[in-house]
Amino acid sequence: MTTPAGERLVRDHTVYACVMGSRAFGLATEDSDTDRRGVYLAPTALFWRLDKPPTHVEGPGPERFSWELERFCGLALRANPNVLECLHSPIVEYADGTGRELLALRGAFLSRLAHGTFAGYAVGRRRKLEAQVRQHGAPRWKDAAHLLRLLASCRDLLRTGELRVEVGDAREDLLAVRRGEVAWREVERRADRLAEENDRAAERSPLPPGPDLPAVEDFLVRTRRASAGG
């Protein structure tokens, strides 16, 4: 539940807002929700208090989630898949000067660390799907499609050095998986192949070993200083 203080931070201090989920992936149907994500900049003075501002806020409104700028950058530096994809959404609803600078800096967050984080996320999701198959005879097909999408997105990132959120020509194949029209054994085969392609792509990826920490830290310090009025 959103607190009044959290709601004010999102309402008054958002620097970047976008749409994620199926609409950003190019997998939306008539029944798809609109998932909104954002970044807010808590005023520097709030950090001088004992009661610090929240690192994230759920809401206001359904299907909305926002991170405080420093928390968002910290997660992106560690190659958190959800946060990195948020920075590369094709549907940007709002960006002020700070938000535009954050977008211009998004390449600084990309590194070969993504191989481990995306793969780790995929492994966890696959284990849940396998448990669903054992218990119910079938997985949650929407999650199965997301598993394949995530693995393909990471593979292409490692190959090209660029993160693309939209699935493009893979749309119909992924929608077929989501509708349960592809056997689970075939989904497993595709996931295995994509995992192997990820491993090979990581070996010769044009991405740097780690993110550009000095560039991101400089951005955060300048932003905090400007917020403090100094």
Side-chain angles (χ1 to χ4, degrees), residues 17-38 56-59 61-67 72 75-76 78-91 109-110 113-159 162-202:
C18 68
V19 172
M20 283 303 301
S22 296
R23 299 194 183 280
F25 302 146
L27 294 171
T29 63
E30 292 181 358
D31 300 326
S32 296
D33 294 327
T34 300
D35 300 321
R36 288 185 164 86
R37 299 292 180 265
H56 63 270
V57 174
E58 293 188 38
E63 309 300 333
R64 184 169 182 174
F65 188 95
S66 299
W67 297 268
F72 183 86
L75 291 170
R78 295 194 291 275
N80 178 283
N82 291 325
V83 170
L84 287 182
E85 290 191 329
C86 181
L87 262 182
H88 292 78
S89 171
I91 310 175
F109 296 100
L110 298 179
L113 292 178
H115 180 224
T117 56
F118 277 65
Y121 190 82
V123 167
R125 182 170 290 270
R126 182 166 177 174
R127 286 174 178 166
K128 290 180 180 179
L129 291 167
E130 290 169 343
Q132 292 166 7
V133 172
R134 289 194 299 270
Q135 295 171 10
H136 308 293
R140 187 169 184 262
W141 292 110
K142 182 177 180 179
D143 290 346
H146 182 55
L147 168 67
L148 298 179
R149 184 204 65 79
L150 185 74
L151 286 168
S153 177
C154 184
R155 176 202 59 194
D156 294 343
L157 167 61
L158 292 168
R159 285 176 174 176
E162 298 180 359
L163 180 58
R164 182 182 179 188
V165 171
E166 291 180 287
V167 300
D169 294 340
R171 170 181 163 83
E172 293 307 318
D173 286 342
L174 290 172
L175 287 178
V177 172
R178 197 161 79 174
R179 292 190 296 264
E181 297 171 0
V182 179
W184 170 242
R185 186 166 296 179
E186 171 62 16
V187 172
E188 288 186 301
R189 189 190 68 78
R190 294 182 189 180
D192 288 340
R193 187 191 71 239
L194 285 167
E196 292 172 359
E197 291 173 352
N198 269 268
D199 291 343
R200 290 196 296 270

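Any value given below was found using the heavy atoms of this structure, including those in side chains, with hydrogens, waters and symmetry copies removed.
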* To do: Please tell me if the side chains of Val177 and Arg190 come closer than 4.5 Å, counting only heavy atoms from C-beta onward.
  => yes
Any side-chain to backbone donor/acceptor pair from Asn198 onto Leu194? Under 3.5 Å, distance only. yes
message = With heavy-atom distances below 4.5 Å as the criterion, would you say the side chains of Leu113 and Arg78 are in contact?
response = no
(request) Taking the side chain as every heavy atom from C-beta outward, state whether His115 and Asp199 have any pair of such atoms under 4.5 Å apart. (result) yes
- [ ] Answer yes or no: is there a side-chain heavy-atom contact under 4.5 Å between Glu162 and Leu157?
- [x] no
Quick one: do the Arg23 and Thr34 side chains pair a donor with an acceptor below 3.5 Å?
yes
query = Is Ser89 reaching over with its side chain to a backbone N or O of Cys86, donor-acceptor style, under 3.5 angstrom?
reply = no
Quiz item: Would His56 and Phe72 satisfy side chain to side chain contact (heavy atoms under 4.5 Å, CB included), going step by step from the backbone distance to the final call?
Solution: CA-CA 9 Å; His56 63 270; Phe72 183 86; over 6 Å; no
Can you tell whether the side chains of Glu85 and Arg149 come within less than 4.0 Å, N to carboxylate O?
yes
Between Asp33 and Asp35 (side chain of the first, backbone of the second, donor and acceptor by atom type, cut-off under 3.5 Å), is there such a pair? no
Backbone of Leu84 reached by a side-chain donor or acceptor of His88 within 3.5 Å: yes
| Within 45° of the six-membered ring axis of Phe65 and under 6.0 Å from that ring's centre, is NZ or CZ of Arg36 located there? | no
Between Leu163 and Ser153, is any pair of side-chain heavy atoms under 4.5 Å apart? yes
Residues Val19 and Ala24: closest non-hydrogen pair is O-CB, 3.3 Å
Look at atom CD of Glu63 and say whether more than 12 heavy atoms of other residues, nucleotides or ligands are closer to it than 6.0 Å. yes
4.5 Å side-chain heavy-atom contact, Trp184 and Trp141 | yes
Residue pairs passing the salt bridge (charged side-chain N to carboxylate O under 4.0 Å, His left out) test with at least one member in residues 122-140, sequence neighbours excluded, are Arg125-Asp143, Arg126-Glu130, Arg126-Glu188, Arg126-Asp192, Arg140-Asp143
**Request:** Mind running side chain to side chain contact (heavy atoms under 4.5 Å, CB included) on Phe118 and Leu151 for me, showing each step along the way?
**Result:** CA-CA 7 Å; Phe118 277 65; Leu151 286 168; over 6 Å; no
Residues passing the side-chain hydrogen bond (donor to acceptor under 3.5 Å, both in side chains) test with Glu172, sequence neighbours excluded, are none
Using modelled atom types and a 3.5 Å cut-off, is there a donor and acceptor pairing between side-chain atoms of Thr117 and backbone atoms of Ala79? yes
- Message: Checking Arg179 against Thr29 for the side chain to side chain donor-acceptor pair (under 3.5 Å) test, could you report, in this order, the C-alpha distance in whole Å, the side-chain angles of both residues, the deciding distance, and whether it holds?
- Response: CA-CA 11 Å; Arg179 292 190 296 264; Thr29 63; over 6 Å; no
